[in-house]
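Read the numbers this way: they start at 1 and go in the same order the structure lists the ligands and their atoms. Everything quoted here is computed from the prediction, not taken from an experiment. Quick note: numbers below take in every heavy atom, side chains included, and nothing from hydrogens, waters or symmetry partners.
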Amino acid sequence: MPAVIRDKEDSESSSEDEQEDHPCIVWYGRKIPVLIFQAEAIVSKDGNIRSVGERYNLAFKIVRTESRLVRGILINHGFHEVHPNSNDFNLMWTGSHLKPYLLRNLQDFQRVNHFPRSYELTRKDRLYKNIQRMQQIHGFKNFHIIPQTFVLPSEFQEFCSSFSKDRGPWIIKPVASSRGRGIYLVSNPNQIPLDENILVSRYISNPLLIDDFKFDVRLYVLVTSYEPLIIYLYEEGLARFATVRYDRAAKNIKNQFMHLTNYSVNKKSSDYVSCDDPEVEDYGNKWSMSAILRYLKQEGKDTTLLMGQVEDLVIKAVLSAELQIATACKMFVPHRNNCFELYGFDVLIDSNLKPWLLEVNLSPSLACDAPLDLKIKASMISDMFSLVGFVCQNPLVRQARPGRAAHDRSFRYQSQKPQRPSTAQPCMGFTKGSNHPARVINHPWASDPYQPLTLTPMD
Ligand SMILES: Nc1ncnc2c1ncn2[C@@H]1O[C@H](COP(=O)(O)OP(=O)(O)O)[C@@H](O)[C@H]1O
Ligand SMILES: [Mg+2]
């Protein structure tokens, strides 16, 4: 913890801290200015929106990744970019996990976009092992949220015995990869290489189809704290469609454009249809999640039940890695609000309307190839930054001021006793039916409280 030094500035009421009415500032505890992000800044370049970041000299650095969207939103809020080696930043946005020494040196107002050991969720093998452990502790059916999986070559025998009961097809995946790379279907254990570490998962062969096409959904999940656990699910997501009509016949087993729904895979198909109008959300190979829900509702499907199960799945997946990540935070992270993380959940809905978790992505793609991407992702990132809570503090001013510690935005949760896991402890903001996706997840300073969710009681 940095020393809290009462200096001259503290005893005076600095003009900087005098409350002003500004659309980008919310005053926490009447004293601490905190930045509220505006999604429209990405297009409007409004000087008034920039003024707060400029006045407080807010800074960010981007390390080992590139994101035009994140950079654009920050710059349009008056942040300036510093060198990746600089320590004078409010936000470090990185594409990979952070070394412990980098975390240990963080000051209380600094934010980084990863938790230590997030790979417990985002590596496919670790995710499965963690959920399997929860199945053993809390009952299989309570954590039956992910297709059965074996880690090869070590579990080859177990896989063969499951294969003898369910002859597939099964799906092979590298343990830590993305964008459909290295993924293929097999119908016989002989087709599986045993000289590399891979996963073999039960293939969900009855996906819900729209117009005969398979799709999955990318959902955005923000965790702002692991102790206490605080989870937000963004109300909007993206559905990605395959480019070839689904047909279970064995002869199609090698057709990636039919069985994989990744944008990276299907954009290579000549049948890929993109949409140039951000207001049209149900056309071509990428739809908004809300367009999917509207479509299903029209078909008479119970979308409230579906989304309840999706929320349940999100909470349970995060819970499965909670202990490891919270322990790492205790070891390496000096202040409770330093870390936050945006996860990309890939969810497949089957024809019985059961959602299955396929994987959790570290650093989900923020690329905006289509106008719909920009519309959804700009709002989502703006809301995320508002939730994360950037205290308007000049990073060049090192001394923390008395009372600053009290701005900790998680204080409102501190009274909650850690209770596991059948309680409402994880909180998730989920605003339904909003026609303005920018207003999604309530921020902790908002006066309108969001509803903590209750997990389905477990046996
Ligand atoms: N168990 C499964 N059943 C059916 N389809 C699956 C299954 N696992 C993956 N897929 C399909 O393969 C795609 C890629 O799988 P995923 O686990 O998300 O890996 P990647 O990291 O390469 O995106 C998914 O988007 C989905 O279309
Ligand atoms: Mg994926």
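- Atoms of ligand 1 lying under 4.0 Å from at least one heavy atom of S177, given by number and element, are 21 (O).
- The atoms of ligand 1 that sit less than 4.0 Å from any heavy atom of L348 are 4 (C).
- Ring geometry for H259 versus Y203: interplanar angle over 60°, hence perpendicular rather than tilted (30 to 60°).
- Nearest protein neighbour of atom 23 (O) of ligand 1, counting heavy atoms only, is N262 ND2, 2.8 Å.
- For ligand 1, the atoms closer than 4.0 angstrom to any heavy atom of T261 are 24 (C), 25 (O), 26 (C), 27 (O).
- With respect to atom 8 (N) of ligand 1, the closest heavy atom belonging to the protein is K173 NZ, 2.9 Å.
- With respect to the Mg ion (ligand 2), E359 has OE2 as its nearest N, O or S atom.
- Near D346, meaning under 4.0 Å from any of its heavy atoms, are these atoms of ligand 1: 18 (O).
- Contacts of D216 with ligand 1, taken as heavy-atom pairs under 4.0 Å, involve the side chain alone.
- Considering backbone and side-chain atoms together, R240 places no N or O closer than 3.5 Å to any N or O of ligand 1.
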Next item on the list: Apply the test salt bridge (Lys or Arg N to Asp or Glu O under 4.0 Å) to residues K129 and D125: give CA-CA distance (whole Å), side-chain angles for both, the deciding distance (0.1 Å), then the verdict.
Entry: CA-CA 6 Å; K129 285 290 153 205; D125 52 347; over 6 Å; no

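- Distance from atom 12 (O) of ligand 1 to its nearest protein heavy atom, with residue and atom name: L260 CD2, 3.3 Å.
- For the ligand labelled ligand 1, residue H259 lies inside the 4.0 Å heavy-atom shell.
- Residue S201 places no N or O, backbone or side chain, under 3.5 Å from any N or O of ligand 1.
- Every N/O-N/O distance between I171 and ligand 1 stays at or above 3.5 Å.
- Looking at heavy atoms from C-beta onward, L35 lies out of side-chain contact with F385 at the 4.5 angstrom threshold.
- Among the heteroatoms counted here (N, O or S) of D346, OD2 is the one nearest to the Mg ion (ligand 2).
- Looking at L372 and P278, their side chains never come closer than 4.5 Å, going by heavy atoms from C-beta outward.
- Against a heavy-atom cut-off of under 4.0 Å, G180 is close to the following atoms of ligand 1: 20 (P), 22 (O), 23 (O).
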